[in-house]
Protein chains: 2
Amino acid sequence: MTKVTIKDVAERAGVSTATVSHVINHTRFVSEETRQRVLAAIEALNYQPNAIARGLVTNSTQTIGLLVPDITNPFFTAVARGVEDKINQHGYHTIFCNTDEDPAREDEYLRLLAARQIDGLIVVPTGMRSERLIRLAEGNLPIILLDRETPEVAAPLISVDNESGAYQATQYLIELGHQRIGILAGVETISTMELRVDGYKRALKEAGIPIEESLIVRADSRFNVGPLAAVDLPFIRHPHNQNMPNAFQALKNLLDNEFPPSAIFVTNNQMTLWALHALRESHLRCPEDLSIIGFDDHDWALLSTPPLTVIRQPIYQLGQTAADLLMKLIQQQAVQPPSLFPVELIVRESCQPPRKNSSR
Amino acid sequence: MTKVTIKDVAERAGVSTATVSHVINHTRFVSEETRQRVLAAIEALNYQPNAIARGLVTNSTQTIGLLVPDITNPFFTAVARGVEDKINQHGYHTIFCNTDEDPAREDEYLRLLAARQIDGLIVVPTGMRSERLIRLAEGNLPIILLDRETPEVAAPLISVDNESGAYQATQYLIELGHQRIGILAGVETISTMELRVDGYKRALKEAGIPIEESLIVRADSRFNVGPLAAVDLPFIRHPHNQNMPNAFQALKNLLDNEFPPSAIFVTNNQMTLWALHALRESHLRCPEDLSIIGFDDHDWALLSTPPLTVIRQPIYQLGQTAADLLMKLIQQQAVQPPSLFPVELIVRESCQPPRKNSSR
DNA sequence: CTGTTAGCGCATTCAA
DNA sequence: TTGAATGCGCTAACAG
């Protein structure tokens, strides 16, 4: 299959390459007669324009980069699907990259994507200051920050109202009568996680419940941490915090607390999975022994034991909106600074009022 | 940020662009002294080679295409992660596309990817004959078929031993004492699904159990079919079979059978989720009223009610192997025709012997 | 209404 | 040990 070029088409149609280019791109008027000749030649030779060559001259690749921590995490999967669906409607393509929350990987990917002349970038940053990302933004590469912020990068953020979601979750537990409420949080560099801690604290404060540091537990919030049950993904230690426990260990520690909580707010979907495992292994029951409310819903949350009460985020819509906004930036259209998406409390069966004899 | 090119570097270093190119690519000897000058210039100007321009002349883009039905299906997500991890080790990038099992979308993506001069393609085909895919393969584009076959495309297939997996699943149910065993299968154009039906039939035959067509139920096996519980994905009808019921309806129909089965083999993860929902809505219990065995494991399968007995596939490894093989094809290395990966029966709690009074 | 020409940024052949 | 020159396939002035 020897490549057929615009030149071949031009020769066969007896016109110049310029004319062929123009009928393809509808970029100047061509008489109907020659237009048909060109079209016939294209058809006959089965000509496909070379997008790379075009990109070199138009200085655009119709390609965007999508940087996420781990596509395997259902949250980022749905986001990716939203991005791809929307970006595809504009004839663009998406290159996806997994950073595993590793600044070094993030940096390397950014370098490669820039070399590839992507037209835009949607990134869930690791949260560590990235010189390269800052420079890229300053260099006017269209960028959308997704889910999280990152230092010194001036780009629109598409995210959910995390603080409010956490506040709602915590308040719900308080309304049920809980006084000792724990929180399973992620690493401090992830802005989303910090906002969720903030919301948690605000709810407690408003209810006049003292904030107890021993009930605020940190864990590695990533999806592929530790030996999972069902998927043979590789185990990857946290890049900039090797000692960060996974949610399984973290929750076990919390339950070993002298005065363990009667309820816990878990700040992402994967940690919720792990927490449920930890509970089961401790022969404790949910919600009888411990109420659990998770952040981020999941198809299987309805079928787990017990069905999970969660804060649901409009994930797919997040991805679509990010892509929409990015396209506008690319096309140099004016964009409104985006507002935060609302979240929703989905009450199922993993929370109930605390026992009277509170120390189990 | 005005682009700095190889020319700028050459000028600053006082050499020709050829020399700069050669120090970058280590493609001919350059004296240490000038090499250092060039390197210094690159550093000073913060020069990044333009991969598009390079691609135009080397006729390679270091990019592959990945076509899957729906990245949102955890099976394809893990595969995608495997592909990306491996492909990235070779400095390649992955463009991902969702076909939704739609031949038209598949065709359009293939066209665009070809125009983009991808160096290789990993595709989970819809199964409908694709003229374009056939021509691409004939045109010596390196292609790997993933999970499924497709007519007339001569390309290595990376897949699991589906027939054997289905056989094992069915045999397990038979050993438990089941005689009326149903199967929830997908559309007939998907080769994987047909192999699973084959394995199911073989197990029955060997056990001397007659095959009953009314127990073989077809459903739309896709992930984003119908209004899901947790994720706001759009509802998409089956492209070439608008009337195909989803697993929820299909299972309900099966349970309405005059002599319903005492056990059922569900042929993919998403249909298992739906089946569980259908059961719950019918106020039937698993495994007391109906034993269920699923194909493909899932992180949440362990936590569902009941914990699911499944056939587990090495998904991540599938993706990695496909990428490995594709790289070899791209590099024109010799490749062995791949063999099928074995699957594994994971016994949990969703199956038990049938009741004595078999008609509930 | 259409053709000629000059690059886009780079790798590479041929000379030196 | 290095440069000059050519062209990858295409678009976009500029001419006519």
Side-chain angles (χ1 to χ4, degrees), chain A residues 1-39 41-42 45-63 91 112-119 139, chain B residues 1-39 41-42 45-63 91 112-119 139:
Chain A
M1 180 167 126
T2 152
K3 297 276 179 200
V4 21
T5 74
I6 198 172
K7 218 166 157 185
D8 302 315
V9 176
E11 272 173 20
R12 189 175 221 274
V15 297
S16 72
T17 62
T19 299
V20 176
S21 173
H22 285 124
V23 339
I24 291 172
N25 301 311
H26 309 281
T27 181
R28 85 176 175 196
F29 187 85
V30 176
S31 76
E32 187 54 25
E33 190 203 317
T34 59
R35 208 177 74 84
Q36 289 303 339
R37 275 216 316 285
V38 170
L39 257 23
I42 288 176
L45 298 175
N46 189 28
Y47 168 68
Q48 294 287 105
N50 181 327
I52 296 300
R54 172 182 295 170
L56 186 58
V57 36
T58 61
N59 204 24
S60 103
T61 53
Q62 313 270 100
T63 304
L112 290 171
L113 290 174
R116 228 153 258 252
Q117 317 295 115
I118 51 168
D119 292 344
Chain B
M1 181 166 125
T2 153
K3 296 276 178 199
V4 22
T5 74
I6 199 172
K7 216 165 157 186
D8 302 316
V9 175
E11 271 173 20
R12 189 176 222 273
V15 296
S16 72
T17 61
T19 298
V20 175
S21 173
H22 284 124
V23 339
I24 290 172
N25 301 311
H26 309 283
T27 182
R28 87 177 174 195
F29 186 84
V30 176
S31 76
E32 187 55 26
E33 192 202 316
T34 59
R35 209 178 73 83
Q36 289 304 338
R37 274 217 316 283
V38 170
L39 256 24
I42 288 176
L45 298 174
N46 188 28
Y47 168 69
Q48 294 287 106
N50 180 327
I52 295 300
R54 171 182 293 170
L56 186 58
V57 36
T58 60
N59 204 23
S60 103
T61 53
Q62 313 272 99
T63 304
L112 290 171
L113 290 174
R116 228 152 256 251
Q117 316 295 112
I118 51 170
D119 292 343

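Each chain gets a letter, A, B and so on, in the order the sequences are listed, and its residues count up from 1. Keep in mind that the numbers below use all heavy atoms, side chains included, and drop hydrogens, waters and symmetry copies.
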### Message
So, using side chain to side chain contact (heavy atoms under 4.5 Å, CB included) as the criterion, who are the partners of B:Ala114 when residues are at least two apart?
### Response
B:Leu136
### Query
What are the 5'-most and 3'-most nucleotides of DNA chain D lying under 4.0 Å from any heavy atom of chain A?
D:dG9 to D:dC14
### Query
For the pair made of CD1 in B:Ile6 and C1' in C:dG7, what is the distance, rounded to whole Å?
16 Å
### Task
Tell me, yes or no, whether the heavy-atom count around A:Glu33 atom CD, taken from other residues, nucleotides or ligands under 6.0 Å, exceeds 12.
no
## Note on the structure
Between its two end axes (five pairs each) the helix from C:dC1-D:dG16 to C:dA16-D:dT1 turns, nearest 10 degrees, through 40°
### Task
Give me the residues of residues 46-57 of chain A where at least one heavy atom lies under 4.0 Å from an atom of DNA chain C, by number, or none.
A:Leu56, A:Val57
### Task
Verify the distance criterion only: is there a donor paired with an acceptor across the side chains of A:Arg116 and B:Thr61 at less than 3.5 Å?
no
### Query
Counting only distance, no hydrogens or angles, is the base of C:dT12 paired donor-acceptor with the side chain of B:Arg28 under 3.5 Å?
no
### Task
Provide the closest heavy-atom pair for A:Lys3 versus A:Asp8 in the form atom of the first, atom of the second, distance.
O-OD2, 4.0 Å
### Query
Hey, does B:Ile24 have a side-chain heavy atom less than 4.5 Å from the side chain of B:Val38?
no
### Query
Among residues 16-26 of chain A, which contact DNA chain D at a heavy-atom distance under 4.0 Å?
A:Ala18, A:Ser21, A:Asn25
## Note on the structure
On a heavy-atom basis, the closest approach of B:Arg35 and B:Val23 is CG-CB, 4.1 Å
#### Entry: Minimum heavy-atom distance B:Thr17-B:Lys7, with the two atoms named
CG2-CA, 4.0 Å
### Query
Starting at the 5' end of DNA chain D, which residue's closest nucleotide do you reach first, B:Asn59 or B:Gly14?
B:Gly14
### Main-chain N/O of A:Gln62 paired with A:Asp119 side-chain donor or acceptor, under 3.5 Å
yes
### Message
Does any part of the side chain of A:Val4, heavy atoms only, come nearer than 4.5 Å to the side chain of A:Asn46, both counted from C-beta?
### Response
no
Show the atom names and distances, to 0.1 Å, of all donor-acceptor pairs under 3.5 Å that link a side chain in residues 48-59 of chain A to residues at least two apart or in another chain.
residue	atom	partner	partner atom	Å
A:Asn50	OD1	A:Ile52	N	2.7
A:Asn50	OD1	A:Ala53	N	3.0
A:Arg54	NH2	A:Asn25	OD1	3.2
A:Thr58	OG1	A:Arg54	O	2.9

### Message
For the OG1 atom of A:Thr27 and the NE2 atom of A:His22, what is their distance to the nearest 0.5 Å?
### Response
4.5 Å
### Query
Just by distance, do the side chain of A:Arg37 and the backbone of A:Ala13 share a donor-acceptor pair under 3.5 Å?
yes
### Query
Can you find a heavy atom in the side chain of B:Ile6 that is under 4.5 Å from one in the side chain of B:Tyr47?
yes
